[in-house]
Amino acid sequence: MTETQPRSAPREVTSSDAAVLSAVVKRFTNARGEEFAAVNGLDLRIRRGEVVAFLGPNGAGKTTAIDMLLGLARPDSGHVELFGGPPQQAVRAGRVAAVLQSGGLLPDLTVEATVRMLGSLHPGTDAEAVMSRAGITRLRHRRVSECSGGEQQRLRFALALLSNPEFLVLDEPTAGMDVAARREFWATVREDVARGMTVLFATHYMEEADQFADRVVMVDQGRVVADGSASSIRSAFAGRTVSALISAADAAVVAASPGVRSCVARGDRYFFDTTDSDALLRVVVTRTSAAEIEVAPRSLEEAFVAITSDGRTAQEGLR
């Protein structure tokens, strides 16, 4: 696995830190009784006021790390702190809130009743202002069960804002939202960040990470494998992507060429990440029957595939 820059384990907590995970390990046992490490020596420091995208393939350890950060699980070894203390302490004080992918809503309540009921746990909360910030005022009389997946995510966002948290953890926050709703959501988050909030979000939408994150942290097999701005991660894995309509047999030939880092199939089109696009183009043109050949600079998604096991698995499947 490759990192964009050398990393040292975060040790001393400073006043500028919102969260610190140091050498964190969390193990589980699978259905066959085999023990495995979902998080395996993860080191991460999040500074106050940062917007950090937390990326990784399925099974990389993102959700487990978030659970430990929120005090929902304890590490087997290592250290987790929020604002210089145990996560549970920060959560109880209302300094941390989360928008998770599912659960936490009562289907028979209306949107407004849900906000006001949970808002009663936070004296002084302005339920109307919170609904407005989350873009759900027009949904106030709708039952939760009648809300779409994206609308329920916005309701969870409103509930997370009730305590006026300093640190907001978002796990796939815009799942189910349309493009307009996603833009409105991130505009609201940016307003909160401008007032000093820290945000950590996990997402499968690479354009969100590219556009909204100050910093991108990629994890794979329970460890951090890349950490930096989106542009620094793209540049650290220099190269271009060559894509074409091509048969699986021809794709295997191209994937075996020198300089090819990964190969991913999307429908009939194959995408080859390469350090030498000119040499790869010669292979594609002279040794295959490829059509509609395109060359493009690497995106954050291509960098993600090249860095993580998703890309290695995709390439191994062609061999």
Side-chain angles (χ1 to χ4, degrees), residues 7-28 37-56 60-101 103-104 118-125 130 133 156-173 189-203 213-219 222-224 227:
R7 292 176 50 83
S8 58
R11 301 291 182 190
E12 182 182 352
V13 180
T14 71
S15 60
S16 64
D17 293 324
V20 173
L21 296 89
S22 181
V24 173
V25 175
K26 182 65 176 177
R27 297 183 180 87
F28 295 97
V39 173
N40 191 16
L42 188 143
D43 293 317
L44 178 62
R45 182 190 298 269
I46 300 172
R47 293 175 289 275
R48 295 178 189 244
E50 280 191 309
V51 179
V52 179
F54 197 43
L55 310 180
K62 301 188 303 298
T63 299
T64 301
I66 287 174
D67 284 349
M68 289 188 286
L69 195 59
L70 294 174
L72 300 174
R74 295 181 182 274
D76 294 322
S77 62
H79 191 63
V80 180
E81 286 197 3
L82 283 178
F83 300 110
Q88 296 87 345
Q89 179 179 311
V91 171
R92 283 195 298 268
R95 301 182 72 182
V96 182
V99 179
L100 304 180
Q101 295 183 57
L118 293 179
S120 66
L121 302 175
H122 304 280
T125 295
V130 165
R133 285 168 66 190
R156 292 187 182 96
F157 179 48
L159 300 180
L161 296 176
L162 287 170
S163 66
N164 194 26
E166 299 171 54
F167 189 179
L168 189 58
V169 178
L170 309 170
D171 191 6
E172 302 292 339
V189 171
R190 273 298 180 190
E191 291 174 2
D192 290 324
V193 170
R195 291 191 285 266
M197 182 184 286
T198 304
V199 176
L200 173 72
F201 70 96
T203 182
D214 302 320
R215 177 177 159 208
V216 174
V217 175
M218 293 186 182
V219 295
R223 298 184 181 218
V224 173
D227 186 347

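Keep in mind the model is a prediction, meaning the values are calculated, not measured.
Residues that satisfy the side chain to side chain contact (heavy atoms under 4.5 Å, CB included) test with Asp171, not counting sequence neighbours, are Thr63, Ile66, Leu100, Gln101, Ala202. Every residue was checked against the side chain to side chain donor-acceptor pair (under 3.5 Å) condition with Arg27, not counting sequence neighbours, and none meets it. Residues passing the side chain to side chain donor-acceptor pair (under 3.5 Å) test with Glu166, sequence neighbours excluded: Arg95. With sequence neighbours left out, Phe201 forms a ring-ring contact (aromatic ring centres under 6.0 Å, His included) with Trp186. For Arg190, the salt bridge (Lys or Arg N to Asp or Glu O under 4.0 Å) test picks out Asp214, with sequence neighbours left out.
Side chains of Phe54 and Val169 form no contact here, defined as non-hydrogen atoms less than 4.5 Å apart. Between Arg215 and Asp227 there is a side-chain heavy-atom pair separated by less than 4.5 Å. Counting heavy atoms from C-beta outward, Glu50 and Arg45 have side chains that stay 4.5 Å or more apart. Inter-residue side-chain proximity for Asp76 and Lys26 is flagged as met; some heavy-atom pair is nearer than 4.5 Å. Counting heavy atoms from C-beta on, the side chains of Met68 and Pro87 never come closer than 4.5 Å. Annotation: side chain of Arg133 is not in contact with side chain of Glu191 (no heavy-atom distance under 4.5 Å).
To the nearest 0.5 Å, atoms CG (Leu44) and CG (Leu69) are separated by 8.0 Å. Note that CG of Leu55 is 8.0 Å distant from NZ of Lys62, once rounded to the nearest 0.5 Å. Remark: His122 NE2 to Leu161 CG distance equals 10.5 Å, nearest 0.5 Å. Separation of atoms OG1 (Thr64) and CG (Leu42) is listed at 10.5 Å; rounding is to 0.5 Å.
Asp17 places no side-chain N or O within donor-acceptor distance of the main-chain N or O of Arg47, the cut-off being under 3.5 Å. Judged purely by atom type and a 3.5 angstrom limit, Thr125 uses its side chain to pair as donor or acceptor with the backbone of Leu162.
Scanning all heavy atoms of the two residues, the minimum distance from Val91 to Leu70 falls at CG2-O, 3.5 Å. Among all heavy-atom pairs drawn from Ala98 and Ala160, the shortest one is O-CB, 3.7 Å. Contact between Ala65 and Val39 at its shortest, heavy atoms only, is N-CG2, 4.0 Å. The two residues Val24 and Pro75 come nearest to each other via the heavy atoms CG1-CB, 3.8 Å. Residues Leu168 and Phe157 approach most closely at CD2-CE1, 3.7 Å, considering heavy atoms.
Every pair passing side chain to side chain donor-acceptor pair (under 3.5 Å) that includes a residue from residues 193-203 is listed here, sequence neighbours excluded: Asp192-Arg195, Thr203-Glu208.
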